[in-house]
Each structure stands twice: as C-alpha cells, then as structure tokens.
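Everything on this sheet refers to the single structure shown next.
Just so we're on the same page: letters track the sequence lines, and every chain starts at 1.
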Amino acid sequence: MTELAHPDRLAKIEAMRAEGLDPYPARGVAAEAIADLIAALGTPEAPGPRAGTTATIAGRLLSQRDFGKLVFAPVLDRSGRLQIGLERDRLGDWWPKRKWLDGGDLVGATGVLGHTKKGEPTLWVTELTLLAKSVAPPPEKWHGLVDVEARYRRRYVDLWASEGVSAVFLKRSRIVSAIRRFLEAQGYIEVETPTLHPILGGAAARPFTTHYNALDHDFFLRIAPELYLKRCIVGGLERVFEIARNFRNEGLSPRHNPEFSMLELYEAQADYRRMMEISETMIESIAREVNGTTSVRFRGVDYDLRAPFERASYLELFEKHAGCAYDDQPGVRAKARELSIPDPGNFSKLSNDVFEACVEDHLHGPVIVYDYPVEISPLAKRKPGAPKIAERFEIFLGGMELGNAFSELNDPADQYQRFAEQVASKDPEAPGEIDIDYVQALEYGMPPAGGLGIGIDRLVMVLTGQDTIRDVLLFPALRPRSFESGESGEVVTPKKT
RNA sequence: GGGCGCGUAGCUCAGUCGGUAGAGCAACUGGCUUUUAACCAGUAGGUCCUAGGUUCGAUCCCUAGCGCGCUCACCA
C-alpha cells in the first residue's frame with residue numbers, strides 16, 4: 001500500500017474480512033445504465049414504464065447524506081448519476097454494515113425505482129453489493145480536482161470527480177467513430193501502416209529514435225504515415241485512410257503534444273480540389289452528428305463549420321499582409337528584419353516564417369489557404385502552368401492549423417530530385433537519406449491522387465470547445481512522477497505528486 | 001532552453017510584516033426517515049516541495065534544485 005490509503009478505510013477492510021465479506025469480489029453485477037433507467041422512470045406526475053419496478057445499478061458511490069435511519073447517496077456510472085436511498089426497514093442485513101461504505105467505493109444496488117417527496121429519482125435499495133473498496137479518499141465533492149497537474153496525473157480520478165471531463169472523451173470517441181463512418185460510406189478502407197520507420201519522411205520534425213534489436217538497426221517512431229499510405233495507392237487500394245499516432249520529439253504547447261493523432265487519407269483519381277471538398281463536408285458532417293449544429297465556440301470566438309469554407313490564396317495573403325511577394329528576396333528579408341525573425345539559412349523557409357508571422361493571426365476561419373510555394377511542399381504536385389507553385393492547401397481555424405492536403409506528387413524523377421535537395425539542405429529536421437524504396441514505388445506508377453491530413457486532437461478541441469490539447473488527451477505528456485521505495489520493499493510511497 | 005508565477009491537511013484554500021500553522025469538504029464518534037454542497041455537537045489528521053544559507057529562531061527572507069502552470073522560442 002502507499003500512503004494514499006486511509007487508515008480508517010483499511011480498518012474497514014479488516015472488519016469486512018472478519019465478517020466474511022470480500023472487499024474485492026471476483027464478480028460484478030448485471031446492471032442497467034443509469035441514464036436509461038432515469039429516462040424510463042419518468043416524473044412523479046407522469047411515471048414511465050419503469051416506475052415502481054426493480055432495477056440494479058452499479059457505479060461509484062460519491063457521497064452519503066445520513067439521516068440516522070435513512071441515507072441518500074448519489075451513484076455514478078458511465079451514463080449518469082442516480083441517487084440511492086438506504087432505509088433501515090428495507091435494507092435488511094446491510095443496514096448495520098452501511099458504516100463500512102465510504103465515498104468513492106464501487107457498489108452494486110438493487111431496489112425499487114421511485115421518487116422522493118421532492119421528486120428526485122431514487123432507487124430504494126433492498127440489496128447492496130460492495131464491488132470494490134476505495135481506500136484512497138476521493139477529492140473534495142464540490143470542487144472536484146482543480147490542480148491541473150493532479151488532474152492530468154490522476155486522470156482516473158479526474159474523469160469521475162470533475163464535472164464535464166468524461167463528456168469530452170465520450171465526444172472524442174463519437175468524433176472518431178463519425179470519421180470512420182463518413183469515409184467508409186465513400187468507399188475508403190482503413191489500413192494500418194508501420195509505426196517504426198527505418199527512414200524519416202512525410203513531414204519535417206525531430207524524431208524519437210529507438211533501436212530494433214532483431215534487425216540491429218536504429219528506427220524512428222513515425223512522424224507521419226504519408227509515404228506508406230501512398231505506397232497503398234500504388235498498390236491499387238485506391239481509397240485508404242489511417243488514424244495514426246504520430247510522434248514528434250519537440251516542444252509541448254496548448255496545441256502540441258509529442259504524440260498526437262492524425263487522420264490521413266488518400267484517394268486515387270482525386271486532386272487537392274476534391275480534398276477541399278471532402279475536408280469541409282467531413283468536418284461539417286461530424287459537427288452535425290456530434291453537436292447537432294455547425295456552430296462552435298472556440299477560445300471565446302464563434303465559428304460556423306458549414307461547407308464550403310472560405311478560400312484564400314497563399315500568394316495573395318502573403319502580399320496583402322507582408323507587403324511584398326513571397327519570392328521577393330529583398331522585400332521578404334526586410335520584412336523579416338522588421339519582425340525580428342531570425343534567418344533559418346534557407347530563403348523559402350524564411351519566407352514561410354514571414355507568412356506565419358504576418359498572416360496566420362488574420363485567419364479567423366474556417367479558411368482554406370491554397371497554392372503554396374513548391375519549395376516548402378516537397379511531396380506535392382506542381383500546379384499546371386505554374387511550376388513554382390504546389391497544389392497544396394491548409395485549413396485554419398482560430399489561428400490554428402487543422403489540416404494539410406495536396407495533389408500528390410507522382411513523378412518519380414521530380415520526387416527523387418526534391419528528396420535530394422532536402423537531404424542536401426542544412427535543415428536538421430530534413431531526412432538523413434533518400435527513401436529510395438518510395439521513389440521506386442512511384443517508378444511503378446502511382447495514379448493521380450489527392451491526400452489530406454487532419455489533426456484529430458485539434459479537431460476534437462474545436463468540436464468540444466477545449467482550449468488546450470491536454471484537455472482532449474486522456475493522458476497528456478508529463479514528466480514521470482518519482483516514487484520512493486519504502487523500507488519493506490513492498491511499500492511504495494509517492495513523493496509529492 | 002529563456003522569462004514570469006505557483007508548491008501549506010486526502011481535496012479546495014486562508015495565513016504567518018521571521019516566533020514550527022487555520023477553515024470548509026472528506027474521515028472518525030454521537031444525534032436525526034426525504035436530503036441533494038443536508039444539518040447539529042465533538043475527535044483526529046501537517047516534512048508548510050527538497051537541500052543549503054542568513055538568523056537566537058525559517059513554512060515565511062536569500063541561493064540552488066525538483067515539479068507544475070502561463071508565455072516566448074521550437075513545431076514546412
């Protein structure tokens with residue numbers, strides 16, 4: 001045990017065992033969902049079909065209000081909260097044992113559904129089961145967990161002790177489910193590609209590195225699934241998607257977590273115009289499905305996710321907000337100096353830094369910014385008649401990038417050349433070697449295709465109104481907690497959280 | 001990594017212009033059959049994040065460290 005276990009609760013466990021009651025029984029109880037029962041119970045004025053019937057619920061006992069010969073206590077399950085009523089004259093054997101119960105315990109309760117004098121739905125209990133004793137005291141009942149560190153470290157408490165937390169994760173699940181149904185309805189299949197990559201690719205980011213013992217080779221945790229998904233397109237699967245956990249060994253922020261979920265999809269015979277359409281219709285459809293509306297409030301601002309989204313050209317936005325063309329070297333360098341943007345040693349990167357500094361704050365959204373410089377889009381196809389422009393777009397909302405898409409480059413010679421330029425660049429985030437196998441895949445022929453990536457976590461932030469990515473991740477990245485071993489060897493004592 | 005801030009009971013928070021600390025909730029004892037942040041009376045619970053320094057004396061001041069938050073940088 002740790003020092004979190006409360007002596008009074010441990011003493012109750014001993015008392016129970018002395019009476020032959022197992023505080024951690026092997027079997028649960030067959031229980032109905034509380035929300036369903038409340039709906040079927042109706043009101044005192046208009047009783048539903050379950051009023052007066054017997055029901056069993058199972059969940060966490062949150063607190064107790066003891067009136068001597070009557071105890072009221074709310075019980076929480078995954079679907080909702082229902083008050084149980086323990087009466088001396090109904091409860092039988094369990095009446096004297098009720099003192100063994102504490103807030104936080106997991107219980108099963110069977111009884112008759114009804115209401116109190118004040119109309120509160122109540123299960124009048126005839127049979128009680130302790131399903132698991134909670135020896136750690138729960139957080140304060142009114143505030144729940146407030147300390148943000150404690151909330152993230154002990155999400156298993158936060159989920160039931162803090163208002164509204166579990167609802168975010170229920171909605172996240174529905175969002176992901178809605179994405180799958182939307183794409184499957186359009187003929188997409190879900191695929192799984194490697195997480196361990198021998199060569200970096202598909203994005204520019206610092207990787208997590210690991211060593212593959214059986215192959216005696218260093219591998220990288222993927223920074224993007226893109227190059228494998230496009231191999232699937234070469235293979236003729238034609239419409240594929242993956243909900244991929246990506247890993248980038250970079251800083252944390254309200255919008256960044258080192259491991260994050262990305263939806264990537266690729267469609268043969270499509271191009272970036274089709275990707276614009278599928279992005280906005282998918283986002284609109286998901287919003288309607290999980291929220292019942294296309295209106296969302298994010299960071300205090302209202303947005304409407306109805307398709308079509310506003311369109312804006314990268315080049316025009318650049319000129320409008322930076323005051324010069326993106327490839328006007330003297331102009332861009334002057335603007336960079338004015339904004340104190342350091343020179344990354346690469347003009348196209350500097351130019352994009354200027355874009356991000358000048359333009360992104362103006363992107364209220366949802367807005368599709370299209371036609372990017374080809375130098376910063378090494379996997380995108382050139383625009384017909386404009387070889388310096390790539391058929392690429394990004395989706396922005398509230399100054400945050402939600403998605404990135406392009407017409408996929410399928411010319412193996414052009415792809416080889418662009419990989420070679422990346423490898424030759426001084427950029428520490430560029431891949432260290434050319435992915436020859438990927439070039440060879442293109443040499444077999446990849447049909448014209450469009451591809452799209454959407455940050456799932458950020459989409460969930462928008463649709464649930466959460467300001468920080470950590471509130472849409474069950475277990476956000478935190479420094480590991482240190483524990484001190486106790487003298488007995490069995491005892492583990494948490495140092496201060 | 002830089003700057004700013006925070007760390008006190010299981011939880012939520014006061015407080016000490018430097019004299020080793022309080023409240024509410026939770027727990028425990030007693031009372032109460034309609035509460036819903038129930039109520040009333042009582043009890044117990046603390047490495048004031050850690051380590052140094054200054055001081056007669058440090059939870060408080062100083063320095064360093066650890067953890068967390070905000071922010072900047074980084075994140076095509």
Side-chain angles (χ1 to χ4, degrees), chain A residues 2-12 62-74 81-90 99 102-104 114-122 124 134-154 157 161-162 202-206 223-224 246 248-258 260 340-342 344 346 348-353 355-356 372-380 390 392 394 401 404 406 422 425 427-430 455 467-468 470 478-482 484 494-497:
Chain A
T2 75
E3 62 186 17
L4 198 58
H6 196 286
D8 293 330
R9 292 174 183 239
L10 294 172
K12 288 177 182 179
L62 294 178
S63 61
Q64 301 179 72
R65 293 183 284 277
D66 188 340
F67 290 83
K69 297 181 185 63
L70 169 69
V71 180
F72 289 116
R81 179 186 297 217
L82 177 64
Q83 166 174 287
I84 59 173
L86 309 180
E87 292 173 293
R88 184 189 62 183
D89 299 335
R90 264 202 226 224
K99 298 277 186 186
D102 290 298
H115 293 92
T116 61
K117 289 172 185 169
K118 297 211 171 152
E120 175 77 13
T122 301
W124 298 102
S134 171
V135 295
E140 209 249 11
K141 64 184 175 188
W142 183 243
H143 297 93
L145 271 187
V146 171
D147 177 69
V148 281
E149 180 185 356
R151 289 190 49 227
Y152 298 142
R153 290 206 189 276
R154 295 209 231 263
V157 175
S162 306
R206 285 177 224 276
I223 56 174
N246 291 343
R248 297 186 182 175
N249 206 343
E250 284 162 353
L252 291 80
S253 88
R255 302 160 205 70
H256 298 90
N257 195 68
F260 64 100
S340 314
I341 295 171
N346 169 322
S348 53
K349 204 162 186 299
L350 176 69
S351 175
N352 196 52
D353 289 345
F355 179 87
E356 289 177 0
Y372 278 64
V374 76
E375 295 89 350
I376 56 171
S377 312
L379 298 162
R392 170 184 177 192
E394 293 195 353
E401 180 193 339
N404 182 20
F406 26 91
Q422 274 190 298
S425 77
D427 189 345
E429 290 178 356
D467 290 350
T468 160
R470 283 178 305 184
L478 287 174
R479 202 173 296 277
R481 199 153 57 129
S482 62
E484 289 168 349
K495 256 173 105 176
K496 173 68 184 174
T497 50

* Structure fact -> A:Asp102 meets the salt bridge (charged side-chain N to carboxylate O under 4.0 Å, His left out) criterion, sequence neighbours left out, with A:Lys12, A:Lys133
* Structure fact -> Between A:Asp66 and A:Lys99, the two heavy atoms sitting closest are OD2-NZ, 4.2 Å
* Using a cut-off of 4.0 Å on non-hydrogen atoms, how would the nucleic acid contact of A:Ala205 be classed: base, sugar-phosphate, or nothing? -> nothing
* Apply ring pair (Phe, Tyr, Trp, His ring centres under 6.0 Å) to A:Tyr372 and list each qualifying residue two or more places apart in sequence or on a separate chain. => A:Tyr314
* Distance between P atoms of B:rU71 and B:rA64 (Å, rounded) -> 25 Å
* **Candidate nucleotides B:rC11, B:rU34, B:rC28, ranked by approach to the side chain of A:Phe72 - the nearest** => B:rU34
* How do A:Ala203 and A:Arg479 order along RNA chain B: which one's closest nucleotide is nearer the 5' end? -> A:Arg479
* Is the shortest side-chain N/O distance from A:Arg153 to OP1 or OP2 of B:rC68 below 4.0 Å? -> yes
* Asked: Starting at CG of A:Asp8 and ending at C1' of B:rA44, how long is that distance when rounded to a whole Å?
  -> 9 Å
* In whole angstroms, how far is the P atom of B:rA76 from the CZ atom of A:Arg392? -> 9 Å
* What string of B, S and - do you get for nucleotides 36-41 of chain B, 5' to 3', if B is base contact, S is sugar-phosphate-only contact and - is no contact with any protein heavy atom under 4.0 Å? -> BBB---
* Asked: What is the distance from CD of A:Glu356 to P of B:rA73, rounded to the nearest Å?
  -> 11 Å
* Structure fact -> Minimal heavy-atom distance between A:Arg392 and A:Ala380, with the atoms involved, is CB-CB, 4.4 Å
* Gap in Å between the two P atoms, one belonging to B:rU8 and one to B:rC48, rounded -> 11 Å
* Spacing of A:Asp89 atom CG relative to B:rC32 atom P, expressed in whole Å -> 14 Å
* A:Arg470 vs A:Asn352, nearer the 5' end of RNA chain B by closest nucleotide -> A:Arg470
* C1' atom, B:rU47 versus B:rC66: distance in rounded Å? -> 15 Å
* Starting at atom CG of A:Leu252, determine the distance to atom P of B:rG67, rounded to an integer number of angstrom. => 13 Å
* Asked: Quick one: A:Arg255 CZ to B:rC70 C1', roughly how many Å, whole number?
  -> 12 Å
* Asked: Taking only residues two or more places apart in sequence, or in another chain, which ones meet A:Arg151 in a salt bridge (charged side-chain N to carboxylate O under 4.0 Å, His left out)?
  -> A:Asp158, A:Asp471
* OP1 or OP2 of B:rC32 less than 4.0 angstrom from a side-chain nitrogen or oxygen of A:Arg88, does that happen here? -> no
* **C1' spacing across the pair B:rC17 / B:rG2, given as an integer number of angstrom** => 33 Å
* Would you say the side-chain atoms of A:Asn257 and A:Arg470 include a donor-acceptor pair closer than 3.5 Å? -> no
* Rounded C1' spacing from B:rG19 to B:rU59 in Å -> 12 Å
* **Any side-chain heavy-atom pair of A:Pro121 and A:Arg81 under 4.5 Å** => no
* Check side-chain contact (heavy atoms from CB on, under 4.5 Å) between A:Glu120 and all other residues, then give those that pass, not counting sequence neighbours. => A:Gln83, A:Thr116, A:Thr122
* Asked: With respect to the phosphate group of B:rC74, does any side-chain polar atom (N or O) of A:Arg206 fall under 4.0 Å of OP1 or OP2?
  -> no
* Asked: Which residues pass the salt bridge (charged side-chain N to carboxylate O under 4.0 Å, His left out) test with A:Glu87, sequence neighbours left out?
  -> A:Arg90
* Structure fact -> A:Tyr152 atom OH is separated from B:rG69 atom P, nearest whole Å, by 7 Å
* To do: Can you tell me, in whole Å, how much space there is between the P of B:rG57 and that of B:rG1?
  => 36 Å
* Asked: When you compare B:rG10 with B:rC56, how far apart are their P atoms, in angstrom units rounded to a whole number?
  -> 34 Å
* Interatomic distance at C1', B:rA26 relative to B:rU20, whole Å -> 26 Å
* Asked: When you measure from the side chain of A:Arg9, which nucleotide among B:rA26, B:rG69, B:rA76 comes out closest?
  -> B:rA26
* Within this structure, what is the NE2-to-P distance between A:His6 and B:rC25, rounded to whole angstrom? -> 15 Å
